[in-house]
Number of protein chains: 2
Amino acid sequence: MPPRNASAIFDAVLALLAERGYAGLTIEGAAARSGVNKTTIYRWWPSKAALVGAALDREMPLDLRVADAGSLAADLAALARAFLDLLTTPPAADAALAILGAAAEHPELAFHVRAFFATRLGPEHPVFARAVARNELPPAADPLLLADAVIGTIWSRVVFRGLRPDPDFPAHLTSLLLPA
Amino acid sequence: MPPRNASAIFDAVLALLAERGYAGLTIEGAAARSGVNKTTIYRWWPSKAALVGAALDREMPLDLRVADAGSLAADLAALARAFLDLLTTPPAADAALAILGAAAEHPELAFHVRAFFATRLGPEHPVFARAVARNELPPAADPLLLADAVIGTIWSRVVFRGLRPDPDFPAHLTSLLLPA
């Protein structure tokens, strides 16, 4: 289990990511900011990518594991809202954008980002199992495609287009993906 | 108009992005690699973001402007294939991933990325105008949502999931977005 001061370390990591971006973050900087000895940090997370991956996993609010909004459409809209919040709500948004953007350039970080999404949105996810049980989704459907479409469309809109989707957007997107 | 040696400069920019990422690129480095004086580069592009934006606009293959595949579904599948190629076909893919990923962290670069997508995939795009003319899309439809869904789902699959979609994927994605 991680050190007792893990949350101070993660707070420092997220603050530095927001201020300086992934390239500007160092383990030494996170140690100085959190007041934790850098050898303690290195003992738990042997690289910057591992440390950022742990901060993403522990601190970032994107979790469908306990949601059951009653229908697949409602569950997907909840995912859309959660991801939109992650990318647009300060103060975590700047760190989330820095981490997810840097995944495109840094293979070791990409490994941790994949694990983050796999844990939360994998094909064995209860949201999809419930949808199959309710006959909302055929057993052979590709639930990952729906999850990728939700996550990806929001990324494209926020990052590639610079738009701020309005509160109706999650439901609007869901109705595109799951027409009645 | 840009200098006659613009293509040598852009080649150097893309090579350096692929090797070192956005953070590792400097105008001085692009000058040294291309053999062009750095004052010449600064005269045309006053910042790294402007230079990278120009390289993206001139050198990256993502262009639907002349396509007319006969139906909106075929046009969207062609867009999906073009974007998938951009993200996965060497040598340009590493530079494309570096540029588009860095847009999440660098507001000035994000401005140029938005212009890149707006030029190629704006709401006034002939692909969407033709779809309305053919009654494939209601006049009030949001064509940008379809474009964002195509681009974004592929980004999510390739970058956030680390998957390499197979050749059927563009048509599969299109049939999710435009059920018969």
Side-chain angles (χ1 to χ4, degrees), chain A residues 17-18 20-25 83 87 93-107 109-118 120-123 141-142 144-163 165 169 172-173 175-179, chain B residues 17-18 20-25 83 87 93-107 109-118 120-123 141-142 144-163 165 169 172-173 175-179:
Chain A
L17 283 168
R20 303 180 193 183
Y22 187 74
L25 173 69
F83 193 62
L87 299 187
D94 286 337
L97 289 167
I99 295 170
L100 298 178
E105 288 194 273
H106 300 279
L109 179 62
F111 172 85
H112 295 286
V113 166
R114 288 202 293 276
F116 171 76
F117 284 112
R120 286 159 173 80
L121 304 173
D142 178 1
L144 278 188
L145 180 60
L146 289 170
D148 283 335
V150 168
I151 297 287
T153 306
I154 288 170
W155 182 265
S156 179
R157 200 142 266 228
V158 171
V159 175
F160 296 153
R161 302 267 187 205
L163 301 174
F169 184 75
H172 183 50
L173 172 59
S175 68
L176 173 74
L177 299 176
L178 294 175
Chain B
L17 283 168
R20 302 180 192 183
Y22 187 73
L25 173 69
F83 193 61
L87 299 187
D94 286 337
L97 289 166
I99 296 170
L100 298 178
E105 289 194 272
H106 299 280
L109 179 62
F111 172 85
H112 294 286
V113 166
R114 287 202 295 276
F116 171 76
F117 283 112
R120 285 160 175 79
L121 305 173
D142 179 0
L144 277 188
L145 180 61
L146 289 171
D148 283 335
V150 167
I151 297 287
T153 307
I154 289 172
W155 182 266
S156 178
R157 199 141 267 224
V158 171
V159 175
F160 296 153
R161 301 266 188 207
L163 302 175
F169 184 75
H172 184 51
L173 172 59
S175 67
L176 174 74
L177 300 175
L178 295 174

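Chain identifiers are assigned alphabetically (A, B, ...) following the order of the sequence lines, protein sequences preceding nucleic acid strands; residue numbering begins at 1 within each chain.
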ask   = Can you tell me if B:E105 uses its side chain to pair, donor with acceptor, with the backbone of A:Y22 under 3.5 Å?
value = yes

Closest non-hydrogen atoms of A:A104 and B:G101, given as atom of the first, atom of the second and distance, are CB-CA, 3.9 Å

Scanning both residues in full, the closest heavy-atom pair of B:R161 with A:R114 reads O-CD, 2.8 Å

The interface call for B:I154 against chain A, heavy-atom contacts under 4.5 Å, is neither

Turns out that what part of B:D94 lies under 4.5 Å from chain A's heavy atoms comes down to neither

Max heavy-atom pairs within cutoff under 4.5 Å with chain B, candidates A:G152, A:A147, A:A110, goes to A:G152

Note: vs chain B, highest number of non-hydrogen pairs under 4.5 angstrom among A:A115, A:G162, A:P107, A:A23 is A:G162

CH2 (A:W155) and CD1 (B:I151) are apart, to the nearest 0.5 Å, by 14.5 Å

Do [X] and [Y] have side-chain heavy atoms sitting under 4.5 Å apart?
X      : Y      : value
B:V150 : A:T153 : no
B:L144 : A:R157 : yes
A:L146 : B:L176 : yes

Counting heavy-atom pairs under 4.5 angstrom with chain A, the leader among B:D142, B:L163, B:L87 is B:D142

Interface check, chain A: of B:V113, B:L145, B:L97, B:V159, most non-hydrogen pairs under 4.5 Å belong to B:L145

